[in-house]
There are 2 protein chains.
Amino acid sequence: MAIGTRRRTSGQISGESIVIEAAWMYHHDGLNQNEIARLLQVSRATIVNYLQEAKERGFIRISLAPEAFTSHQLAQDLRKKFNLQAAFVLPHGIGTDDEALMRVARGAAEWLPSLLNMNDRLGVAWGRTTYEVAEAIEQTNISGLTVSQLIGSMATPYGFTAEICSANMAQNLGASCINLHAPAVLSNPEIAAQLRNEPIIKAQLDALSHCNKTIFAAGSCTPNSHIVSSGVATVEEVNWYIEQGAKGVLCGRFIDGQGRQITGELDERIIAVTLDKLQGLDMGMLVSEGADKVVPMLAAIAGGYVTHIVTSNKTAQLMLDHTGS
Amino acid sequence: MAIGTRRRTSGQISGESIVIEAAWMYHHDGLNQNEIARLLQVSRATIVNYLQEAKERGFIRISLAPEAFTSHQLAQDLRKKFNLQAAFVLPHGIGTDDEALMRVARGAAEWLPSLLNMNDRLGVAWGRTTYEVAEAIEQTNISGLTVSQLIGSMATPYGFTAEICSANMAQNLGASCINLHAPAVLSNPEIAAQLRNEPIIKAQLDALSHCNKTIFAAGSCTPNSHIVSSGVATVEEVNWYIEQGAKGVLCGRFIDGQGRQITGELDERIIAVTLDKLQGLDMGMLVSEGADKVVPMLAAIAGGYVTHIVTSNKTAQLMLDHTGS
DNA sequence: TCCCATTTTTGACAATTGTCAGTATATAGT
DNA sequence: ACTATATACTGACAATTGTCAAAAATGGGA
């Protein structure tokens with residue numbers, strides 16, 4: 001058998017089988033490379049190559065068990081204090097805040113597939129965090145899953161759009177994707193209303209109403225935050241919302257400290273899901289990280305949009321320590 | 001932050017967080033132990049300890065991607081020839097047949113959880129193979145899953161019973177378990193009939209009828225096979241069934257080359273699911289390995305009990321080469 | 001406060017794994 | 001049949017990881 005699968009003497013087909021064989025022996029049988037080399041009658045260096053090929057081709061999957069991040073004290077505390085189904089708390093690490101955000105995104109990417117079932121309809125928001133989560137998801141295949149884009153697209157300096165967020169996520173989850181083929185913000189309420197009534201857009205917005213799970217980030221609500229730099233709102237508009245008591249941004253909508261939507265002129269011009277559709281779903285996964293996100297996150301939780309949370313231990317601690325405004 | 005999570009200066013809680021941190025840095029960030037040691041300000045040997053602790057506590061999961069075993073030529077050929085949903089073909093390896101069986105069992109254990117959805121009802125057969133599969137499943141949690149025992153128990157020289165097979169599997173899948181609290185074989189048909197009518201047993205047998213997925217092995221049908229040594233049937237009984245054209249054994253029932261059940265006196269005395277309940281389900285996973293299992297496996301497939309198959313490349317090749325009886 | 005049992009960490013050494021330039025084998029083109 | 005080119009493999013050396021006995025730190029009792 002071993003000789004029959006020698007690579008040199010074979011085509012491509014059994015050629016890959018010896019790679020799998022080596023990977024199995026190494027990772028399951030716990031043999032070391034010398035033993036495997038002897039058994040398969042090749043040099044040890046070749047085994048190194050086989051193992052690398054197995055890694056590159058994605059045959060070998062290394063993941064950290066979700067329990068490690070949901071079971072420790074900080075995660076439990078979060079879960080209890082905010083009445084969540086589960087909290088996933090990653091080490092913040094010693095790096096920059098940006099590195100911590102990447103960690104949180106990768107953590108969410110690893111956790112998300114295990115929370116999805118066949119035939120779920122997942123709504124996906126837009127933002128740096130969401131984009132990184134989508135990118136970091138490893139290829140899986142959840143049968144019958146549908147991914148929907150919760151907010152229209154913006155041309156941004158960041159180089160990723162809401163469409164790319166949802167499309168990437170759908171791609172990596174093996175899901176079908178419903179995009180919103182519309183800009184997020186229009187210049188006046190009338191054209192926005194017209195667009196919402198276009199059959200194509202109407203159908204897409206309708207599909208959003210039937211999402212049973214969502215993933216989103218909490219946006220901070222300050223004149224120098226993402227909502228302004230991405231061009232969704234002007235500084236004046238944001239200041240107006242702040243005056244009305246806005247504490248955070250969710251899918252392009254402003255919310256107060258209790259998570260209630262604050263409606264203003266801007267809301268008439270936005271093409272996005274309405275917040276009432278996001279309350280009380282089977283799952284609402286809030287993925288955010290950073291001191292500036294604490295208040296928006298608490299607001300989102302208060303509004304009943306959140307059942308699962310992914311953040312770092314640093315941010316989690318700030319959330320627990322936060323004394324209600 | 002790093003200093004705050006130092007182990008020496010803390011209780012147990014943040015003590016485990018540094019273990020997770022090290023594991024994350026190593027496996028996700030791709031740092032080596034020296035870099036991690038420097039960043040966390042401990043010696044490299046300590047990092048080794050942390051990583052081992054993470055491994056032991058199951059924080060780190062290494063698995064081989066199912067695609068590696070379902071996508072290559074042999075698996076595709078099996079799938080097409082026998083009209084299966086999927087085939088999972090593992091390397092037989094250079095070891096003994098017993099080692100190959102263990103591999104196949106572990107392969108099935110790794111594949112099974114990804115084929116189960118919430119609220120499934122999984123029927124579990126009995127045998128060495130089934131036992132090893134159950135043992136090898138890593139702890140997961142499939143919500144609402146129910147595991148049912150397809151055949152009553154036997155006291156065997158092997159030290160495992162049908163109850164242990166299903167209980168272990170349920171345990172490791174985080175499922176609830178319906179056991180059949182009855183012996184597999186009784187001394188006469190009358191007492192078997194009485195037992196089947198006992199309310200408790202009746203309810204349990206009834207539950208079996210509602211399984212939508214099953215996992216089982218094909219038993220060979222010869223005087224020196226498992227079915228005799230386990231005490232289910234005598235040599236005389238097996239010989240009688242062979243004369244009637246029996247080619248294999250499934251859940252204690254004899255089947256011919258087309259997978260049709262051959263009924264005899266013994267069937268009256270057995271407490272087990274009836275084979276018609278196992279046909280055309282959402283999933284029927286056949287896990288078997290060895291040259292002597294080829295004919296029984298083909299019979300089981302012909303009978304429509306099988307949608308998924310797990311075996312070795314050696315056995316798979318024999319199945320493909322087999323020229324009809 | 002000091003001491004002792006236990007746990008955690010460490011440094012030095014051993015074993016394993018990764019790299020890379022060079023060699024062997026297969027494949028395609030004339 | 002004979003090169004040219006690409007692909008797969010190997011040996012020697014470098015880097016990383018694992019082991020283990022000894023040292024440091026912890027946490028209770030006297």
List for me each residue that meets salt bridge (charged side-chain N to carboxylate O under 4.0 Å, His left out) alongside Glu135(A), sequence neighbours excluded, and say none if there are none.
-> none
Parallel, tilted or perpendicular: rings of Phe69(A) and Trp24(B) (30°, 60°) | perpendicular
Write down the distance between CD (Glu35(A)) and P (dT16(C)), rounded to a whole number of angstrom.
-> 8 Å
Do Asp98(B) and Arg128(B) meet the salt-bridge criterion of a basic N to acidic O distance under 4.0 Å?
-> yes
Any residue meeting salt bridge (charged side-chain N to carboxylate O under 4.0 Å, His left out) with Arg61(A), in chain and number order, not counting sequence neighbours | Glu67(B)
For Asn49(A) and Glu53(A), does a side-chain donor sit closer than 3.5 Å to a side-chain acceptor?
-> no
For residues 77-84 of chain A, dump all side-chain donor-acceptor pairs below 3.5 Å to protein atoms at least two apart in sequence or in another chain.
{"residue": "Asp77(A)", "atom": "OD1", "partner": "Gln73(A)", "partner atom": "NE2", "Å": "3.1"}
{"residue": "Arg79(A)", "atom": "NE", "partner": "Gln76(A)", "partner atom": "OE1", "Å": "3.3"}
{"residue": "Arg79(A)", "atom": "NH2", "partner": "Gln76(A)", "partner atom": "OE1", "Å": "3.0"}
{"residue": "Lys81(A)", "atom": "NZ", "partner": "Leu320(A)", "partner atom": "O", "Å": "2.9"}

Do Asn313(B) and Gln317(B) get their side chains close enough for a donor-acceptor pair, meaning under 3.5 Å?
-> no
Validation: residues 106-115 of chain A side-chain donor-acceptor distances under 3.5 Å, sequence neighbours left out:
{"residue": "Arg106(A)", "atom": "NH1", "partner": "His28(B)", "partner atom": "O", "Å": "3.1"}
{"residue": "Arg106(A)", "atom": "NH2", "partner": "Asp29(B)", "partner atom": "OD1", "Å": "2.7"}
{"residue": "Glu110(A)", "atom": "OE1", "partner": "Leu64(A)", "partner atom": "N", "Å": "3.3"}
{"residue": "Glu110(A)", "atom": "OE2", "partner": "His28(B)", "partner atom": "NE2", "Å": "2.8"}
{"residue": "Ser114(A)", "atom": "OG", "partner": "Trp111(A)", "partner atom": "O", "Å": "2.8"}

State whether Thr46(A) places a side-chain N or O below 4.0 Å from either non-bridging phosphate oxygen (OP1 or OP2) of dT10(D).
-> yes
Roughly how many Å is it from CD1 in Ile36(B) to P in dT16(D), rounded to a whole number?
-> 12 Å
Considering just the side-chain nitrogens and oxygens of Tyr50(A), establish if one lies under 4.0 Å of OP1 or OP2 belonging to dA8(D).
-> no
Give the rounded distance in Å between these two atoms: CD1 of Ile47(A) and P of dG11(D).
-> 13 Å
Contact check, residues 23-34 of chain B vs DNA chain D, heavy-atom distance under 4.0 Å, returns Tyr26(B), Asn32(B), Gln33(B)
Whole-Å distance separating the CZ atom of Arg38(A) from the P atom of dG11(D) | 16 Å
Considering only nitrogen or oxygen atoms on both sides, find all protein atoms under 3.5 Å from nucleotides 19-21 of chain D and state each distance.
{"residue": "dT19(D)", "atom": "OP2", "partner": "Gln52(B)", "partner atom": "NE2", "Å": "2.8"}

